[in-house]
Amino acid sequence: MPSRKFADGEVVMGRWPGSVLYYEVQVTSYDDVAHLYTVKYKDGTELALKESDIRSQSSFKHRKSQSSSSSPSRRSSSRSRSRSRSPGRPAKGRRRSASQSREPKEDKKKPSQETSIALPKPSENNTKRYNGEPESTEKNATSCIILEQKLKPDLEIKRVLEQYSLRSRKDDKKKEEIYSEKKTFVAVKPIEKVSTKTKEMEFGGRIGTFMLMLVLPATVFYLLLMCKQDDPSLLNLPPLPALESLWDWRVFGVILLWFFLQAAFYLLPIGKVVEGLPLASGRRLQYRINGFYAFILTAAAIGALLYFEFELHDLYDELVQFAVAAAAFALALSVYLYVRSLRAPEEELAPGGNSGYFIYDFFTGHELNPRIGSFDLKYFCELRPGLIGWVVINLAMLLAEMKIHNLSVPSLSMILVNSFQLLYVVDALWNEEAVLTTMDITHDGFGFMLAFGDLVWVPFVYSLQAFYLVGHPTTISWPVAAAITVLNCIGYYIFRSANSQKNNFRRNPADPKLANLKFIPTATGKGLLVTGWWGFVRHPNYLGDIIMALAWSLPCGFNHILPYFYVIYFICLLVHREARDEHHCKQKYGLAWERYCQRVPYRIFPYIY
Ligand code: NDP
């Protein structure tokens, strides 16, 4: 008996993930183990679909004839109905709306052109045709302009968004009629999960991720040992410390205490609770936003310790032991995460960390949102223990500098490094909600990569400049300090406004603050901003982040390359991350993404890359 219903090369109708719309697709392969078909949409997008998300073309034709034959009157008006069935096509009444009457006359003359171009049409209109938005844009060279909708407040913005959104439209009777016709043709089912099986492995696959698991911890220790040397030149390799000197149970206890203290702050019932972006299942998780309060409480606790003359500066001498203890903790956490992920339901696995290969899934993270009750482990680790820990380490380095060099005030370089990085951390915590739309939360699973990154790499590598300055004092003049400060402010401004623009747009596209922005609609119902920061380069937030990274290194002078490790590594990280994101977006948005890339050709650096 054949285990599959559709053959390779067969042209069938495939459901678009997260929607009730079906498009013409071609079956390219079948995975016997996962029972998934790889199908290719006409815009080149390839997806893995379950058999239940695929239908033969004939079943569509059959249903169509049934529906139209059920009522003669229906049949007689089928043409006009089929035109109005497209959610993108405004109903006649709507065309006369006040908002539309403001549109230029030329636009009014061809509303049908606009709508036929703009929207993915449900397959009942024409089962033979690929009826997604991308094809129609291919047909019309001017479509890009037509597709870009200027966001306008109030009613008009709602109209525009509804027009391009695939969400159900409960509040509009006319639109409901349109929708119900669709129901007669394609049964509207609750959104089912899309298969999360990982087809393409990143980071060099199994070998690459295995190597990274060795290289990342080694790099942290190399950098910390180098920084302690009088001459931290790259070729002046540090002597390896005795193994027993690296481990201290007391230090490990402090790391545990720190982690659980931050966890206790996270659990405090203060701060609002918000919903994350919809998961593949359509469900939204709830997150408590109280990172900034956790920071204030931590600052109060550290202040109290200093008041009672706790010697925080000792951290300078024990930083390597702390890094070892944090790495051990991150490893243990990763093991726990992987073990528990084996019992997680398929739809809760990360799309990028479900390859079936232990090493790869362990590294990239198997489960997307591991939670203990309402305690979200990934979300917690993203911004709390590591990020706040980084600020505490910086403060300890500032105190160590004063103590070791007998200073009554810290050096200007140390003040700049501490202030810039403090601003970055406070900003992240103040805008904690924005993390919910980042790749780490929406796409990447929680495994070794994020656990080690959040708990070890961030606090111990990002504090390298402050650590360096303790052993290698650097004097900078006030004008130089002022110039570096301006650079940091420019970077921060770009970073913050770009992130806020995208975050606000994703959370509430109808936000009046975004009224002057344009976007390209996509078949998923989400838009892609093409003006504002996201029309300047494709990742303006990365540009701002990199400018800031440079400003953090400059106060360390030019004697050694070590304090510039951060900016060099960060450029590599963000260029790679940008490529990953491009790949995901291309898969998600198909031709709409290509149009965006044509419209905004530079990825991170204007006129360069
Ligand atoms: P982004 O916040 O840049 O999110 C990328 C997503 O934004 C895409 O997947 C897409 O998701 C959406 N998007 C892309 N283009 C558009 C557009 N034109 N209009 C609307 N939405 C668009 O990704 P990251 O998570 O990588 O970065 C978040 C922040 O964190 C950045 O500022 C980055 O610099 C910083 N960062 C810092 C690190 C550090 O170590 N200090 C490390 C990594 C990141 P969708 O369409 O699905 O919404």
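The figures here come from the full heavy-atom set of this structure, side chains too, leaving out hydrogens, waters and symmetry mates. Counting starts at 1 for both ligands and their atoms, following the listed order.
Atom CZ of F203 is surrounded by more than 12 heavy atoms from other residues, nucleotides or ligands within 6.0 Å.
Residue contacts with ligand 1 do not include H584, since none of its heavy atoms lies under 4.0 Å from the ligand. The shell of residues lying under 4.0 angstrom from ligand 1, judged by heavy atoms, excludes R538.
The N/O atoms of D440, backbone and side chain alike, include none that comes under 3.5 Å of an N/O atom in ligand 1. At least one N/O-N/O distance between N499 and ligand 1 falls below 3.5 Å. Considering backbone and side-chain N/O of W534, none are found under 3.5 Å from N/O of ligand 1. Below 3.5 Å of separation, one finds no N or O of L574 facing any N or O of ligand 1. Residue Y542 has at least one nitrogen or oxygen atom sitting less than 3.5 Å from a nitrogen or oxygen atom of ligand 1, judged on distance alone.
Remark: the N499 side chain and the N541 side chain contain an N/O donor-acceptor pair separated by less than 3.5 Å. No hydrogens or angles considered: a donor-acceptor pair under 3.5 Å links the side chains of Y379 and E432.
Contacts with ligand 1 closer than 4.0 Å are made by no heavy atom of V458, backbone or side chain.
Both the sub-6.0 Å distance and the 45° axial angle are satisfied by R371 relative to the ring of Y287.
With ring centers used as reference points, F259 lies under 6.0 Å from F380.
Closer than 4.0 Å to atom 30 (O) of ligand 1 lies none of the heavy atoms of the protein.
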